Amino acid sequence: MNVLTGTKLAIHGGPKSVPEGLVKPWPLIEDEDRKLVLASLEGSNHAFGPNCVAFEQEYAAWNGVKHAIATNSGTAALHMCVVACGCGTADEIIVPAYSWSSSVTCTLHHSCIPVFVDIDFETMNIDEEKIEAAITPRTKAILVVHLHGLPVRMEKVLAVARKHGLKVIEDACQAHGAVYNGRKVGTWGDCAAFSFNQNKCLCAGEGGMLVTNSDEMAAKARQLWSFGETRAPSESRDYHVYALGWMYRMSDLVGAFGRAQLAKLDRNLQRQRENAALLTSLLREVPGLLLPAEPAGCEHNWYNYTIRFNMQALGQAGDPAATRTLRDKILKALQAEGVQTCVWQAFILPSMTVFRAKDGFGRGHPWSHPAAAPVDYAPERFPQAQRHCDTHTGMTTPLRYPNGPREVEATAAGIRKVMENLEQL
Ligand SMILES: *Cc1c(COP(=O)(O)O)cnc(C)c1O
């Protein structure tokens, strides 16, 4: 027990900092959600129906893009981006070494070869300065991820892309409403993918959206999206398969839910930003923490408020295993306090089995294709991504609407209590 504060950590039976039931779950369901979803249920088209068409138009208007295509997942939208950019067998696509798995497996879905670039530890995003060195004559595109809702510095990425004639894909699955240099993400690259999965800033259960300003890319994406046909389901179809296609369409119930949530998105994001600002101010003086950065020109949407433990300050720099052990110990104590936090992704992508094995479809495809060149996925080439993996913990729900100052203050109190009483662990 701390003699100064008399504070016993909850993990040792002390009082919890965040009482059970204080933090409200995500997303908040209101009358508008019920109205639209029930109207869809009573309607006559439950497949890709009128709510999906309206959702596409409303999302395009909200994001400031010409085309939006509603999909059954963000992953589907990412695969469609790869195809819309004209990427195919043995083409290389540059990707960050740390993200959600499907930011990278989407390239394999079209037999492309991912080429990893380490992250910038400060931003957790791809290190824009290291992209150019990864370009080869086979590179076709750069896929950037606005991780946790922090925009990548797109002007640097676009400059490299222009110089080498590459397409740019934005994985904006976590970044609804994030802004770089005054413009929303999703408007910077050639095309972009958003996700509406349960935990994302716009929740429709599952779902996604591809956005682009290019007529040609939208047409290519739509073809893949609906069985390889060249007409949308709403147009008269001849059911002829013109190219390899999947079935990536959204259902009308999801479209209705998505529309209802979109109408509230700006309100929800505004609260999230206020909550993040409050949390940052409350944690600034807490020892042992590295708080998330928001570099000049970048406006976070605070999808995931990610803290890294300052292992050097905690006397634990160097050995990754010991670092992880300490992080996990702190994490357990935080969770015992009722702080809703967890490790978001514990593995860097190049260390994952599918990339270690270099076998996606059997017989080593696509890496074994004669047109492919060898690529080096040795995990030690990505030290910043590894360091992030070993030292972070993330938070989503406590910052989400309708949670506000009370929930954020309790969360901050739990973090402060643990960090000021580490000798109890
Ligand atoms: C969630 C997510 C995806 C995948 O979206 P789904 O809708 O789950 O398929 C892709 N990339 C990132 C960065 C994500 O967070």
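Predicted model only: the values in this text are computed from it and were never measured.
The shortest distance between side-chain heavy atoms of Val117 and Glu128 does not fall below 4.5 Å. Counting heavy atoms from C-beta on, the side chains of Glu56 and Ile69 come closer than 4.5 Å. For the pair Met250 and Thr71, the minimum side-chain heavy-atom distance is 4.5 Å or more. Between Cys191 and Ser214, every side-chain heavy-atom pair lies at or beyond the 4.5 Å cut-off. Asn125 has its side chain out of reach of Pro96: every pair of non-hydrogen atoms, C-beta onward, lies at least 4.5 Å apart. Side-chain atoms of Asp91 and Val82, non-hydrogen and from C-beta on, never get closer than 4.5 Å to each other. Looking at Tyr239 and Val241, their side chains never come closer than 4.5 Å, going by heavy atoms from C-beta outward. Within the 4.5 Å cutoff, the side chain of Gln272 has no heavy atoms near those of the Tyr305 side chain.
For Cys87 against Ala141, the heavy-atom pair with the smallest separation is SG-CB, 3.9 Å. Smallest separation of non-hydrogen atoms from Gly177 and Arg273: O-NH2, 2.9 Å. Considering all non-hydrogen atoms of both residues, Asn51 and Gly255 come closest at CB-C, 3.8 Å. Residue Thr397 comes nearest to Trp26 through the heavy atom pair CG2-N, 4.2 Å, listed as atom of the first residue, atom of the second, then distance. Shown here for Ala77 and Ala193, the closest heavy-atom pair between the two residues is CB-CB, 3.7 Å. Shown here for Ala172 and Val185, the closest heavy-atom pair between the two residues is CB-CG2, 4.1 Å.
Shown here are the side chain to side chain contact (heavy atoms under 4.5 Å, CB included) partners of Lys24, two or more places apart in sequence or in another chain: Pro402, Asn403, Glu407. Residues passing the side chain to side chain donor-acceptor pair (under 3.5 Å) test with Asp120 are Arg153, sequence neighbours excluded. The side chain to side chain donor-acceptor pair (under 3.5 Å) test applied to Thr123 returns no partner, not counting sequence neighbours.
Between Phe347 and Phe355, the gap from one ring centroid to the other reaches at least 6.0 Å. The distance between the ring centers of Trp225 and Phe48 falls below 6.0 angstrom. Remark: aromatic rings of Tyr59 and Phe194 are close, center separation under 6.0 Å.
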Show me, pair by pair, the donor-acceptor contacts under 3.5 angstrom made by side chains of residues 281-295, not counting sequence neighbours?
residue	atom	partner	partner atom	Å
Ser281	OG	Leu278	O	2.7
Glu294	OE2	His300	N	2.9

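The structure places NZ of Lys167 at 4.5 Å from CE of Met217, a figure rounded to the nearest 0.5 Å. Between atom OG1 of residue Thr391 and atom CE of residue Met311 there is a gap of 6.0 Å, rounded to the nearest 0.5 Å. Separating the CE atom in Met209 from the NE2 atom in His67 is a distance of 13.5 Å, to the nearest 0.5 Å. One finds the CZ atom of Phe257 at 11.0 Å from the CG atom of Leu36 (value rounded to the nearest 0.5 Å). Distance check: Ile119 CD1 to Leu349 CG gives 10.5 Å after rounding to the nearest 0.5 Å. For the atom pair CG (Leu334) and CZ (Arg327), the distance works out to 11.5 Å, reported to the nearest 0.5 Å.
Judged purely by atom type and a 3.5 angstrom limit, Asn275 uses its side chain to pair as donor or acceptor with the backbone of Leu399. Using a distance-only test at 3.5 Å, with no hydrogens or angles considered, no donor-acceptor pair links the side chain of Gln340 to the main chain of Pro398. Checked by atom type and distance alone, the side chain of Asp33 pairs as donor or acceptor with a backbone atom of Glu30 at under 3.5 Å. Not a single donor-acceptor pair under 3.5 Å links the side chain of Ser226 to the backbone N or O of Glu229. Although no hydrogens or angles enter the test, the distance criterion places a donor-acceptor pair under 3.5 Å between the side chain of Lys417 and the main chain of Lys8. Panel note: side chain Trp188, backbone Glu155; no donor-acceptor pair is recorded below 3.5 Å. Side chain of Glu58 to backbone of Ala263: no donor-acceptor contact under 3.5 angstrom is found. In this structure, His176 contributes its side chain and Ser195 its backbone to a donor-acceptor pair below 3.5 Å. Using a distance-only test at 3.5 Å, with no hydrogens or angles considered, a donor-acceptor pair links the side chain of Asp190 to the main chain of Val168. Under the 3.5 Å distance criterion, the side-chain polar atoms of Gln384 are left unmatched by any main-chain donor or acceptor of Asp118.
A side chain to side chain contact (heavy atoms under 4.5 Å, CB included) with Ile330 is found for one member of Thr341, Thr325, Ile415, Val418 and no other, namely Val418. No option in Arg416, Glu337, Glu409 other than Glu337 meets the side-chain hydrogen bond (donor to acceptor under 3.5 Å, both in side chains) test with Ser17. Considering Ile93, Leu143, Val83, Val104 in turn, Ile93 is the only one that fulfils the side chain to side chain contact (heavy atoms under 4.5 Å, CB included) rule with Cys112.
The local environment of CD in Glu216 is sparse, with at most 12 non-hydrogen atoms from other residues, nucleotides or ligands closer than 6.0 Å. Dense packing is recorded around NZ of Lys156, with more than 12 heavy atoms of other residues, nucleotides or ligands lying under 6.0 Å away.
Geometrically, Lys358 engages Tyr377 in a cation-pi contact defined by less than 6.0 Å to the ring centre and at most 45° from the axis. Note that Arg267 lies in the cation-pi zone of Tyr401, set by a 6.0 Å cut-off to the ring centre and a 45° limit from the axis. The side-chain tip of Arg308 points at the ring of Phe121 from less than 6.0 angstrom away and within 45° of straight on.
Between Glu32 and Lys264 there is no salt bridge, since none of the side-chain N atoms of the basic residue sits less than 4.0 Å from a carboxylate O of the acidic one. Taking 4.0 Å as the cut-off between side-chain N and carboxylate O, Asp390 and Arg387 do not count as a salt-bridged pair. Under a 4.0 Å N-O distance rule, the pair Asp238/Arg231 qualifies as a salt bridge.
Ring orientation note: the planes of Trp100 and Trp344 are tilted relative to one another, at an angle of 30° to 60°. Relative orientation of the His388 and His392 rings is parallel, given thresholds of 30° and 60° on the angle between their planes.
For the side-chain hydrogen bond (donor to acceptor under 3.5 Å, both in side chains) condition, the pairs that include at least one residue of residues 75-89, sequence neighbours left out, are Thr75-Ser102, His79-His110, His79-Tyr248. Judged as a side-chain hydrogen bond (donor to acceptor under 3.5 Å, both in side chains), the pairs with a partner in residues 36-46 (not counting sequence neighbours) are, in order, Ser40-Asp252.
Between the side chains of Asn421 and Thr7, no donor-acceptor pair is found at a separation under 3.5 Å.
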Practice item. Tell me, with the steps shown, if Arg249 and Phe227 meet side-chain contact (heavy atoms from CB on, under 4.5 Å). Key: CA-CA 10 Å; Arg249 296 180 333 227; Phe227 303 113; 3.4 Å; yes

**Study point:** side-chain contact (heavy atoms from CB on, under 4.5 Å) assessment of Leu210 paired with Cys81
**Key:** CA-CA 7 Å; Leu210 177 146; Cys81 285; 3.7 Å; yes

